[in-house]
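Note that the coordinates shown come from a computational prediction; the quantities given were computed from them, not determined experimentally. Lettering of chains follows the sequences in order, A, B, ..., and the numbering in each one begins at 1.
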Amino acid sequence: MNRRPTCEDAAPREADGDPLVQIGLPTGTRSTGFEATRRDVLSLMGFSLGALGLGAGCRAPVQHAVPLPAASIEMVPGVPNLYATTCGACSAACGLVVKQRDGRPIKIEGNDASPLTGGGTCAAGQASVLSLYDDGRLRGPMWLGNAVSWAEVDRHIRSVLDARGRDARDVVLLSQTITSPSTRALIDELRAVFPRFRHVVYDPLSLAALREANRRAHGAAVVPHFLFDRARVVVGLDADFLGTWLAPVEHARQWAQRRTAGTDRGFHVQVESGVSVTGSNADLRLAVAPSQIGAVAVALLAAVTRRMGGDDPGSFGAAGLTQAAPHAVAIEQTAEALVRNRGEALVVCGSNDLPTQIVVAKLNAVLGSVDKTVDLAHPSLQRQGDDAALPALIDDMNRGAVHALMVWGANPVYDHPDGAAFRAALNKVALTISFADRRDETSAHVHAVCPDHHFLEAWGDAEPVSGHFSLRQPLIAPLHETRAAEESLLAWAGRTTDHRSYVRAFWKRALYKPAAGAAAPDAFDDFWERTLERGAIDLPRPPVATHAFAADLEESVREIVARANRAGGDHDGYELALQETVGARDGRHANNPWLLELPDPITRLTWGNVASIAPVTATALGVSTGDVVTLTTETGKLELPAFIQPGQHRHTISVAVGYGRWAAGKAGDGVGGNAFPLARVANGLRTTSARVTVTRTGRRARLSPAQTHFSMEGRDIVQTLALAPSEHEHEHEKLPDLWRERLHGAHAWGMSIDLDACTGCSACVVACQSENNIPVVGAEQVRKNRIMHWLRIDRYVEGDGEDAQSLHQPMMCQHCQHAPCETVCPVLATTTSSEGINQQVYNRCIGTRYCANNCPYKVRRFNWHNYTANDDFPYNMTSPLGRLVLNPDVTVRSRGVMEKCNLCVQRIQLGKNQALLQRRPMADGDVATACQQSCPTGAIVFGDLADAGSRVSKLLAGRRAYRVLDDLGTRPNVGYLKRLTREEES
Amino acid sequence: MSAGTIEPTTGAPETLPATRWIEGTPSLHRITTDISRPMEARPGRGWWICFAISSLAVLNLLGMVTYLFAKGIGIWGLNNAVGWAFDITNFVFWIGIGHAGTLISAILLLFRQKWRTSINRSAEAMTIFAVMCAGLFPLIHMGRPWDAFFIFPYFPNQRGPLWVNFRSPLVWDVFAISTYFTISLVFWYLGMIPDLATLRDRATTGIKKLVFRVLSLGWNGSQRTWSRYEIVSLVLAALATPLVLSVHSIVSTDFATSLVPGWHTTIFPPYFVAGAIYSGFGMVLTLLIITRQTMHLERYITTNHLEAMAKVILLTGSLVGYAYATEFFNAWYSGNVHERFHFINRATGPYAWCFYLMVLCNVLTPQIFWWKRARRNIPVLFVASILINVGMWFERFVIIVVGLHRNFLPSAWGMFYPTVFDVGILVGVFGLFFTLFLLFIRALPMIAMWEVKGVSHG
Amino acid sequence: MAERFLVGSFGEPEGLLAAVSTLRDAGVAIHDVFAPYPVHGLDQAMGIRRSRLPWITLLAGLGGLCFALAFQYYTAVFDWPLDVGGKPENSTLAFVPICFELTVLIGGLGTVGAFLLRARLFPGKREQLPVLGVTNNVFALVTPLQGEGNEAELARQIMLENGADEVEERETES
């Protein structure tokens, strides 16, 4: 498995009509009712093979797209194959390596070869494999709400498109940002086919202001590529760059590289209204109302310029500022750090407010960050949306100026404040097409639904950052009668090329030739092979031309100061702040039960969103957690349960977007409330905040929390260590032992978790769920405190003011060598393996739950119900299709048995087998657990404690290492590295 | 005449004149007929009403346990934090109830307490039935009850030579409970053989005679047998006495050997035994007060008996109260943060009301028995006995649930809320217990005739 | 051949006791006495030796103890030693409770079994009653009738003197 096969491996033998290919097709690709047995696995294998046979028939050229390793050299039944591809869960397009078993993708992993993300993933990316097997997906194209054949739907569409004749109405493609260079090229070609073709791009969470600011400041309307690893001081203004903002996996990786680099840990200040993943990891967090973010930026700029002896702050009107006072000291301190580290400083701002972004641009310019930590020459290509475009489009539609509208990867009816208007305007368009994979809020109202592939079924490429390319190749033949949107477009444009050939041709023409030049004009096949295999590649791109900062600073500052003083003036009102959460993101994954049941790292709530309110505010309003409140803004009204959140700014109510879908599917419909309509588009920019009034309804809602108590009660659970060497440094003494040490076998598996690097992003939680077939139990069971996750991320909060400190702690089975659970099990269902793993024997367990009672870490999970093939739990495990995501290497547990983390023992076995096959001893790093593999910051290190040279041994020998509840003498093999606290900058 | 003077085996002289324990001196024949009446006469309305109610509860139990097996214990209120609640609470409660029976029949026999003679039979029956009720819970509380047999070491087993974990208190329980049940059953039956013979010889219908003939093993009252018989009874009593102490000590190790704050306490074995005897006597009182009224046996179950039991209750109740106090002292004295928190939480946390109810019932209630008039007042005794059993149930609930719902990692704290199935099964098991007892007093001599004869004439 | 007995029935234990001792002084062998409850002092009067059943208890109990200890040691140390919470394979202290329980169980059952055997009691055995009512309110004194008749006469005399309600001759049905 060192060499990753590529889809092309399959090609040659298919050509000779390999018998494998001829395996029959199960009754019709649209049938869903096949028996819910373990034969699902086989049937799907036949399914894909069959689809290949089918491909050879009806979609001739596409046959190359079939990714079956069946024909590839490595294919051994039961041995997984890994394919490099590109994530489609969000526009960050992270490099992935997807594990395929018996022809089905079952596990998403990060691609270590990716220069951007280097092996990390996020929760949504991890969960996206489940969306592939979503029952809610359409089985084929639809015309006017009826299932039809592709030929028919194409006929209808072509007729309308051609009927357009000469009249001068627009053909509009509405999409979110597209980072695929080949698709962008394809869209350009369409302009030739349809004279009045327009491509309208919008993003539910926009950075238009940032691009506009850079246009004015540096002459390039770009989203810069931020380089956190080069920044010793990072100031985040309302930008959750570690959790959800722009490219969180890449940012987290860079940020951690800096933070864990020896003693020079860097300094991270976060300015935000609600608590975000990023804020909870900052060295210094300032709670600031959205309306004051700009003011803080101005104050910071003033403090910085004053220190740099540059132009007098007064010159740009910062003097008039009155509101930033509360944080004056912290701001001075931050400015000091920034100035001291100029050239290695970075200020990022997520606010979609132009003046603020201009001030931030100025800050970065003054601090000399441009071209050092802020790369404008090779910018990020995400978030290219134009906030003004969609409202304009709605007007055009209403004017009847739009003849045909194609909606691709967008759901404006749900995620745009003008969604209702858009929905109404759809009726004014002669032909409306959606490429959505389901009848969602938007596609339910269009003429033709031409379902696109899931990205694991599709070809493609991506360029999330200028010059950083990656390829996408399918892991499985399409499960349903879906078609790549690109192919649909090509077909309607009268082109016959299939998508794969198009991408390949584009790469040869546009990327390979310029790069290789005359050097090796015909070596493209190797290049293509290697790139597919590797997944990611960097190719030269001409730098974007920019100039030094040259925007009208005074004007921006004046506006900010005026606004800040106005808004800050009255403290009776409240502000709403919309935020993205790692589970829900912008709502596109709303039907994914893994993400719905993923506890939010901050609120630890599952299955829904809440209105986060500061404790003092809650007292003032007379609400407590669970009271339903009505949030009313000028554009909308929403009823949500209140949630008391220490660290929340006291005049701000934070609400997560991405919930409240009404046409997402069985799991996602009606979960939480939709907050998008609460903020409006103001002078050409989508805002994420608004003035809001909060009123009590008197009703109570029942939340589904995964954690109800956030105080550590003064116990030494999450330990910290002052950064500066101090008296804190002490050798932790060895506790006495009642019994002689038990000898291990060849290995003693252990794990180290760096609490200073863990951001709480929760990618590992979903990775664990995906790897270990952990069932989803639903809101009701979570409410009963029966969530099944083997790995949870506890959050502890110290203090309940705006300066409350958050501590994240991943908690799973600690694999105690003196395990309390084992002694009490009457039937020897849990024992310590010869390699130090606390193992659970499912078929021996009779479910007395004594072990769970006696586990001080409370990490054991009991199957209170039958979660498979049980209609009370209508999630993937009960659906024949959904069950295809199960990992065949891991038992699906029956009702009434105990389960828990087993350090991915199946991966350990795989690693052993490989070492055996290669006739070599196991080396450190041969085995990576699912959680470790997914971690973007490398906080989790797994290895052999018996090998003193292994990374984990070294880490756990260091002075930061400790064991949780060590004094109980449980002797865990899982250790933690203390979180570092920084001595105040002075 | 006082038997003590010619009794060779007795150590001390008779503590109580035997006559005190039977009103008057009924003839041997009168004793036989009086005690046989409940079995030969038609039952009164009181009996029928009790029987109707309790058998309804049994039906409810059957239904709910069936549903439980079908659906899984998810239908209970248990969760990740609280893995045991009503199930094990009921288990410990019923085991405790059983103890009074053995105590009365065995320990009082060793101490030559003649007042035991009228009540030991029913007390032992109560033991048997209580242990049956208790034994139900380890079975149904399992996630996979159909695999319950895994817990017995047997050979050959298909899992290779895989036995059980003899370090686990749950396995100790299995052995302790089954031994306790067996020995109690044997002791009870052995004690009944002479009376069964009496009934055999009184039997009128052939079928009755046949049944009693089989059961009485051909007993004919031969003195040579009698003398061996008394030796065997003493031996069994001598075995049952440490056994009864061991059983609840072992049950207490389910908690004492764990590391859960509030469970991990060395005081548990004596504390649990005292509590067991305490609750057991409470239950005996309840039962006897009912039966002596409904079955008109006041002559044999006298206020003197009730008073004697009230004294035992006063003693054991005070022991339990002392244990409560000791727990709190030790928690404070240990300086252990988790231990201290547990007891603060016990007294001030969300389940504090259970704790105070427990103290009220178990510590304060029995104090009334310092007054002789209370000890001899039937209504007072009855109410007290009920309160004591309520309190003892809550004692186990407090120990188990409060210990589990908030321990080491605050992130994993939770609450337990009982569901209708938790409550329904609790009620149902009481129904089972009373049904069995009601059938017993109709089918078998609930007072040992031969012993009463010995006491009144011997 | 059928054995012949002399059966005297008493209503009160006192007379019975007196009769028994007088008979033995007179050298008359006593077959057995039947009573509704164990009459104290009768053993001495009849000269019945104290039962040796407690020895059975001791042996059976020791047997149980040894079995328990050996079994637990064998399964935990030899047959399939497992690492259970890092505890030593031979966790003797943890074996104690079960050792105790099995001692009691086997000791108790052994004793009862031995008793039933010795007393020849078994389910369905047809009872042999000298007179009806020995299980209710009659005390029966039984002496064998063999050899010359004057001893029988003596026995009958003594019984009547000590207040026997009636004295009759009975034969065992053989």
Side-chain angles (χ1 to χ4, degrees), chain A residues 604 706-715 717 781 784-788 792 794-796 809 811 820 822-829 831 843-866 872 894-898 964-965 967-970, chain B residues 71-84 87-88 138 141-151 159 162-174 254-255 257-261 263 336-338 341 400 403-404 406-417 419:
Chain A
R604 301 284 280 126
Q707 178 179 345
T708 53
H709 194 85
F710 291 87
S711 158
M712 249 190 296
E713 297 291 332
R715 304 173 186 181
I717 296 165
Q781 295 296 313
K784 287 183 169 173
N785 186 12
R786 293 174 179 175
I787 197 165
M788 290 301 282
R792 63 176 197 256
D794 292 339
R795 172 167 176 258
Y796 295 104
Q809 183 178 47
M811 180 54 64
E822 295 176 2
T823 318
V824 299
C825 174
V827 292
L828 292 166
T831 54
N843 56 358
R844 176 62 167 165
C845 176
I846 56 177
T848 66
R849 305 181 299 293
Y850 199 173
C851 52
N853 290 342
N854 210 28
C855 172
Y857 309 94
K858 282 274 183 277
V859 292
R860 290 178 155 263
R861 295 289 175 258
F862 187 71
N863 287 271
W864 299 100
H865 292 280
N866 172 9
D872 302 347
S894 81
R895 174 192 125 199
V897 305
M898 193 60 71
V964 176
L965 298 176
D967 54 334
L968 295 178
T970 50
Chain B
K71 278 287 184 181
I73 52 179
I75 66 172
W76 284 343
L78 302 171
N79 55 57
N80 290 344
V82 183
W84 289 346
D87 46 4
I88 300 303
H141 98 293
M142 286 182 188
R144 302 199 300 168
W146 52 90
D147 283 335
F149 63 94
F150 283 9
I151 210 170
R159 297 172 300 282
L162 178 51
W163 300 97
V164 298
N165 178 10
F166 288 111
R167 299 169 189 82
S168 166
L170 287 190
V171 173
W172 305 348
D173 278 347
V174 171
D254 290 353
F255 308 103
T257 62
S258 81
L259 46 61
V260 178
W263 289 15
N336 178 313
V337 54
H338 303 295
F341 175 85
I400 292 171
L404 290 174
R406 290 182 175 177
N407 54 32
F408 299 98
L409 294 189
S411 63
W413 287 3
M415 288 290 290
F416 168 80
Y417 302 106
T419 65

If only atom types and distance count, is the side chain of [X] paired as donor or acceptor with the main-chain N or O of [Y] below 3.5 Å?
{"X": "B/Arg167", "Y": "A/Pro826", "answer": "no"}
{"X": "B/Trp84", "Y": "A/Thr848", "answer": "yes"}
{"X": "A/Tyr857", "Y": "A/Val964", "answer": "yes"}
{"X": "B/Asp147", "Y": "A/Ile846", "answer": "no"}
{"X": "B/Asp87", "Y": "B/Met142", "answer": "no"}

Proximity breakdown for [X] and chain B, heavy-atom pairs closer than 4.5 Å:
{"X": "A/Ser894", "value": "side chain"}
{"X": "A/Asn863", "value": "neither"}
{"X": "A/Gln809", "value": "neither"}
{"X": "A/Leu965", "value": "side chain"}
{"X": "A/Arg786", "value": "both"}
{"X": "A/Arg795", "value": "neither"}
{"X": "A/Val859", "value": "neither"}
{"X": "A/Tyr796", "value": "side chain"}
{"X": "A/Met811", "value": "side chain"}

In terms of heavy-atom pairs under 4.5 Å, which option from [options] contacts chain B the most?
{"options": "A/Leu828, A/Asp794, A/Ile787", "result": "A/Leu828"}
{"options": "A/Ser711, A/Cys845, A/Ala829", "result": "A/Cys845"}
{"options": "A/Arg715, A/Arg861, A/Arg860, A/Lys858", "result": "A/Arg715"}
{"options": "A/Val824, A/Asn866, A/Asn854", "result": "A/Asn854"}
{"options": "A/Arg895, A/His865, A/Gln707", "result": "A/Arg895"}
{"options": "A/Val827, A/Thr708, A/Asn853", "result": "A/Asn853"}

How about A/Arg849 and B/Leu78: do any of their side-chain heavy atoms sit closer than 4.5 Å?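 Yes, close enough: below the 4.5 Å cut-off.
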
If you take the centroid of each ring, where Trp contributes its six-membered ring, are A/Tyr850 and B/Trp263 closer together than 6.0 Å?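 When the ring centroids of B/Trp263 and A/Tyr850 are compared, they turn out to be at least 6.0 Å apart.
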
What part of [X] lies closer than 4.5 angstrom to a heavy atom of chain A: side chain, backbone, both or neither?
{"X": "B/Asp254", "answer": "both"}
{"X": "B/Ile88", "answer": "neither"}
{"X": "B/Trp172", "answer": "neither"}

Shortest non-hydrogen contact between A/Thr831 and A/Glu822, atoms and distance: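 Taking every non-hydrogen atom into account, C-OE2, 3.0 Å.
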
Can you name the nearest heavy-atom pair linking A/Pro856 to A/Pro820, along with the distance?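 Closest approach of A/Pro856 to A/Pro820: CD-CG, 3.9 Å.
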
In sequence, state the C-alpha distance, the side-chain angles, and the governing distance for A/Leu968 and B/Phe408, and then conclude on side chain to side chain contact (heavy atoms under 4.5 Å, CB included). CA-CA 10 Å; A/Leu968 295 178; B/Phe408 299 98; 3.8 Å; yes

Audit row: A/Phe862, B/Trp76, ring-ring contact (aromatic ring centres under 6.0 Å, His included) steps and yes/no: CA-CA 13 Å; A/Phe862 187 71; B/Trp76 284 343; over 10 Å; no

Selection from B/Gly414, B/Pro261, B/Ser258, B/Ala412 maximising heavy-atom pairs under 4.5 Å formed with chain A: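 Going by pairs under 4.5 Å, I would pick B/Ser258.
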
